[in-house]
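Everything on this sheet refers to the single structure shown next.
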Amino acid sequence: MENDHPVQTDDNNSSRCPFFSADSDDYRCDVILVVKRATGTFSLVACLFMLFVIWLLRRYNSLAQKMILSLTVAAFFDSVAYVMGESHPEGTLCDLQAWWLTYFDWSALVWVCLITLNLYLNLVKEIRTEHYEIPYHVVAWGVPLFMSVLPLLNGYYGPAGAWCWITGDRVAWRFGIWYVPLFTLIFLMICCYARIISVANERMQSWLGTFNPERERRKVSLAEEIRPLKWYPSVYLLVSLFPLLNRLHNAVFPGQPVFSLTLLHVLSAPLHGLANALVFGRDTWSQLSNTGFKLALQSRLCDSTRIGEYHPANVRYTVGLESESDDEDNNVLFYSPDMSLKDRGP
């Protein structure tokens, strides 16, 4: 998430790359700053592309799609912090960047956890969750606010290398605010997805009897939902591994940064947005062919459909009866608007 090297505080230090205690013309400083800007820019562009695809394909109707949209917004603002110029001196701007990074890194992580939880409740517990949308937003934007404000109120933010974060003399706060919760949540998400996949396989294999198109459609819908989402924990594990190793090295050997670890840190830490875009785009690239793109864009820009006012008369509405085989099928996999789940409440 952030560079981990303690900043040198010598009054005569005029280097723009203080985390190596090097002169301003040291090639390592230029490499670190260029890589940091490049990876942050790639993530920023990837998030913008995701937002465009979501708008183009109207992927914002179901609760799961709305949650992915919110995750993209959080990753976008997180990427902005990584391209906020060079290392800032201690002050208001530095504190703002440090708080910004902490808040939106946490927000993106919480949204990934909530996406996992939502899938678990739908599939394993068979609970309808469309009425959880507001609580999800309260948690996803409220918990990061609490975690990011704590170091700010205690004055622990400051220069921390290529960008600002918790200063190097607050090792316990660095691990307590980010790395310990991060890897704990990643472990829990991996366990959760293992359970989800196990339950999904059991229910797919338990569907016996005559062929039913609706049941087959549910199978396909379930597979499409799980396929991209199950990669989110792996994404966060991969992009957080090198920052963790660099942080551990800095805690054991303070003031002795290693260039290779620092380079891997700034290469991977800003990539949350790009990694999310790759995960999200696994099942959308086929829809973005030349023909598909033109049709989708034409639908968005040239759709002349209008909704008129309807004056109802005395109409009797009835519910169509499902087939007998559907009544006997109690294996519900993943909630969608045209499926019935047990409404067990919060």
Side-chain angles (χ1 to χ4, degrees), residues 1-2 47 50-51 54 59-81 98-153 165-166 173-196 225-226 228-237 239-240 272-273 275-276 279-280 334-336 341-346:
M1 179 171 62
E2 61 295 316
C47 290
M50 281 183 64
L51 291 173
I54 290 172
R59 296 269 179 112
Y60 45 74
N61 294 317
S62 67
L63 177 59
Q65 292 173 347
K66 292 177 182 178
M67 296 175 74
I68 292 177
L69 172 60
S70 298
L71 169 62
T72 306
V73 171
F76 169 80
F77 284 107
D78 184 46
S79 301
V80 170
W99 173 84
W100 189 292
L101 274 173
T102 306
Y103 180 82
F104 286 107
D105 269 334
W106 258 104
S107 182
L109 175 61
V110 173
W111 274 118
V112 173
C113 294
L114 290 176
I115 290 172
T116 304
L117 175 63
N118 187 69
L119 184 60
Y120 180 85
L121 292 177
N122 285 170
L123 176 63
V124 178
K125 299 299 183 180
E126 301 180 10
I127 298 175
R128 299 178 60 175
T129 57
E130 69 276 7
H131 54 285
Y132 289 173
E133 182 175 357
I134 294 179
Y136 282 163
H137 279 278
V138 172
V139 172
W141 305 115
V143 171
L145 181 61
F146 174 78
M147 299 298 290
S148 61
V149 166
L150 285 178
L152 181 64
L153 294 178
W165 196 55
I166 299 175
W173 274 81
R174 287 180 164 186
F175 279 92
I177 286 293
W178 179 244
Y179 282 99
V180 172
L182 170 66
F183 283 89
T184 300
L185 291 173
I186 288 176
F187 174 76
L188 293 176
M189 284 191 289
I190 292 174
C191 295
C192 191
Y193 274 109
R195 176 60 177 164
I196 289 172
E225 291 285 353
I226 294 178
L229 298 181
K230 68 183 179 181
W231 292 105
Y232 279 117
S234 301
V235 164
Y236 272 80
L237 181 62
V239 300
S240 302
H272 290 106
N276 287 331
V279 171
F280 172 80
F334 192 81
Y335 173 70
S336 62
L341 284 179
K342 303 173 184 176
D343 191 356
R344 299 179 180 175

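These figures come from a predicted structure and were not determined experimentally.
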N/O donor to acceptor pairs below 3.5 angstrom from side-chain atoms of residues 184-191, sequence neighbours left out:
{"from": "Thr184", "atom 1": "OG1", "to": "Val180", "atom 2": "O", "distance (Å)": "2.7"}

Checking side-chain contact (heavy atoms from CB on, under 4.5 Å) for the pair Leu114/Val110: CA distance, chi angles, key distance, verdict? CA-CA 6 Å; Leu114 290 176; Val110 173; 4.0 Å; yes

d(Ile177 CD1, Leu182 CG) to nearest 0.5 Å is 13.0 Å

Closer than 3.5 angstrom, by distance alone: can the side chain of Asn122 be matched with the main-chain N or O of Arg128 as a donor-acceptor pair? no

Enumerate the residue pairs fulfilling salt bridge (charged side-chain N to carboxylate O under 4.0 Å, His left out) with a member in residues 132-147, sequence neighbours excluded, ordered by first and then second residue. Lys66-Glu133

When you look at Val124 and Leu119, which way does the side-chain contact (heavy atoms from CB on, under 4.5 Å) test go after all the steps? CA-CA 8 Å; Val124 178; Leu119 184 60; over 6 Å; no

Looking at every non-hydrogen atom in both residues, tell me the closest pair between Leu71 and Ala108 and how far apart they are. CD1-O, 3.4 Å

Under 3.5 Å, is there a donor on one side chain and an acceptor on the other for Thr102 and Trp165? yes

Run the numbers on Val139 and Tyr132 for side-chain contact (heavy atoms from CB on, under 4.5 Å), then give the verdict. CA-CA 11 Å; Val139 172; Tyr132 289 173; over 6 Å; no

From the list Trp99, Trp106, Phe104, ring-ring contact (aromatic ring centres under 6.0 Å, His included) with Phe77 holds only for Phe104

Can you tell me how far CH2 of Trp178 sits from CG of Asp105, rounded to the nearest 0.5 angstrom? 4.5 Å

Looking at Leu153, I'd like to know if its CG atom is crowded, meaning that more than 12 non-hydrogen atoms belonging to other residues, nucleotides or ligands lie closer than 6.0 Å. yes

Residues two or more places apart in sequence or in another chain: which of them pass side-chain contact (heavy atoms from CB on, under 4.5 Å) with Ser107? Ala74, Trp111, Trp141, Pro144

Run the side-chain contact (heavy atoms from CB on, under 4.5 Å) check on Met67 and Asn118 step by step: do they pass? CA-CA 9 Å; Met67 296 175 74; Asn118 187 69; 4.0 Å; yes

What pair of heavy atoms forms the shortest contact from Asp78 to Trp100, and how long is it? N-NE1, 4.4 Å

Side-chain donor/acceptor of Ser148 to backbone N/O of Leu145, under 3.5 Å: yes

Interatomic spacing from CD1 in Ile115 to OH in Tyr136 - rounded to 0.5 Å: 10.0 Å

Nearest 0.5 Å, what's the CD1-SG distance between Ile54 and Cys47? 9.5 Å

Any idea which heavy atoms bring Met50 and Thr72 closest together, and the distance? CE-OG1, 3.0 Å

Between Gly176 and Met147, what is the shortest heavy-atom contact and its length? O-CE, 4.3 Å

Testing the basics here: between Thr129 and Leu63, what is the closest heavy-atom pair and its distance to 0.1 Å? O-CD2, 3.1 Å

